[in-house]
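One structure is given here, and the rest of the page talks about it.
Quick caveat: nothing in here was measured; it's all calculated off a predicted structure. Basis for what follows: all heavy atoms, side chains included, without hydrogens, waters or symmetry-related copies. One-based numbering, in listed order, for ligands and for the atoms of each.
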Amino acid sequence: MASKPSKPKPLTSSFILFLIALLVFTTYYLRQLHGDFQTYPKPSTNYPGWYDVVSRRVGREWFNIALVNMDDDEAAALETKGRVVKVEMGPLDEGLRWSDLFPEWINESSTKTRCPELPMPEFGRYEELDVVVARVPCSECEGSGWRDVARLHVNLVVANLLVRSGRVGGGRPVFAVFVGCCGPMWEIFRCDDLVLRVGDSWIYRPQLRRIKQLVQLPVGSCQVSPPLAHSGSELRGAEAYATVLHSSEAYVCGAIALAQSILQTNTTKDLILLADDHVSPQSIHGLRSAGWKIKRIRRIRSPQSRKNSYNEWNYSKLRLWQLLDYDKVMFIDADLIVTRSLDHFFTYPQISAAPNNKEIFNSGLMLLEPSLCTFRTLMRRRWLVRSYNGGDQGFLNEMFPWWHRLPKRINHLKFFRSDGDYEHRIAEDAYALHYLGLKPWMCYKDYDCNWDKAATRRFASDSANERWWRVYDGMPEKLRRFCALTPEADARIRNNRVKAKRAKFGDGHWRIKVNDPRQIHLS
Ligand code: UDP
Ligand code: MN
């Protein structure tokens, strides 16, 4: 009889399998429990979770720690770990409101216009810091519209400590840790600089040169941001003007005139146009000849706008943050023209803009800093954050409530409140004119057709209209073709003229004999 081949004992092999499974499971379970093994502290210590992460990156176990808005227990837990100092922040005036820091109106021309002071620590007492740890007051965790003076105060104290007591320009890294579910203000501490989040602790390694620039700015829009020096070359990278076209061809002519007006200022920057597929290849050709470099995009719906409303797709502007080839972008709506060089405003950080009303900025012209994590955050938050008008301006103001005020004349809104004033003259010293209401290329050259409708006359200005057509007159014929009047637009203007005549509008623009050749050469 042949002998049986020897088989492995079934009991032994299942036991080995069991042991492997147990090992895998335990590893997995412990990882779940404690997050990343590499970065989470060993159990049975009472010092906080961020310590090991920072310690490893600082390269030492003993380092200088400043605590902001933290209590004695938290300081005691760290005493064996470094030189711990509790920072005296100074008392915040309890009556101070966000609207004091972001007032609707300020006297831009007065040098006496000053922001309220936020108390700051005596920086001389806190030197050579390795990490600043702060508890952030969070009224909500995932909320929006953080217009909270106390939160801003803590963020600015940390920023100032890092800059003044840290190691700007030095080789050694400095960290900031924010404790609180809402984290720091991302306008100051960029998401790009987030090292790790462990529970409610947010660990940042901020770029101190950027922070240094931010703490030099006024604490709110209560003052116009003073001119910033062209800081060292390390901070300055590629810069571009950009605009966006989506959903129709209605603004193609506007974008062409905008490019031509920028080029007339002899800019040294790139001109980038984001266009969705509603912009035809012929238009793209014209836009390119006008000076734009084209990038095709998929448009983004404004989640809260009404269907077919004028701003249904204007979250497409969020794609500006995807322009990663540039460190800084000056976005300009396609219904503006530039009348003086804006190049020197590129020194300003995200988000610098001109005011709109209340505490908000106008999103028709704004400086921004492209970044993938910013783009992703904006895309994620658009579902949750309420926009007061359903459009990008409402959304971006909720996302960036801490913005920097540029003078009104950088984005001169064609908007007039006063009744009975038939002049509606625009400011001579404007840098860029923003054509609110019916756009010049949808009107006649002879006068601003916003005069012909009661609802739009607050946007009417012949001097602004004349300024836009000056750009048009300087354009080559092949580009002017993109500004032809459609028969429908022409019919609409004529109809409004008839109505204005019947209503005997006092400004009398309906009497003007129209010579604009575009009414004969209809497209
Ligand atoms: N836009 C566009 N297609 C549209 C509507 C708007 O491309 O159908 C772009 C264009 O760049 C425009 C900007 O979105 O300048 C913002 O819209 P608009 O200027 O009409 O808004 P307003 O400044 O008048 O509020
Ligand atoms: Mn606009």
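The environment of Arg340 atom CZ is dense: over 12 non-hydrogen atoms of other residues, nucleotides or ligands sit within 6.0 angstrom.
Angle OD2(Asp335) to the Mn ion (ligand 2) to OD2(Asp333), rounded to 10°: 150°.
Aromatic pair Phe346/Tyr241: centroids less than 6.0 angstrom apart. Here Phe189 and Trp202 keep their ring centres 6.0 angstrom or further from each other.
Residue-level proximity to ligand 1 for Ser248 is carried by the side chain, the only part with a heavy atom below 4.0 angstrom. Contacts with ligand 1 closer than 4.0 Å are made by side-chain heavy atoms of His434 only, the backbone lying farther away. If you look at Lys439 next to ligand 1, the close heavy atoms, those under 4.0 Å, all belong to the side chain.
Remark: minimum distance from atom 15 (O) of ligand 1 to any protein heavy atom is reached at Ala334 N, 3.0 Å.
Figure legend: cation-pi geometry between Arg405 and Phe361 absent, as NZ or CZ is not positioned both under 6.0 Å from the six-membered ring centre and within 45° of its axis.
Its N, O or S atom nearest to the Mn ion (ligand 2) is what matters here, and for His434 that atom is NE2.
Around atom 11 (O) of ligand 1, the closest heavy atom drawn from Asp333, Asn389, Val244 belongs to Val244.
Counted by atom type alone, His509 and Asp452 present zero donor-acceptor pairs between their side chains at under 3.5 Å.
The line from CG of Asn311 to OG of Ser302 is 5.5 Å long, rounded to the nearest 0.5 Å.
Polar contact with ligand 1: absent for Gly437 (N/O pair, distance under 3.5 Å).
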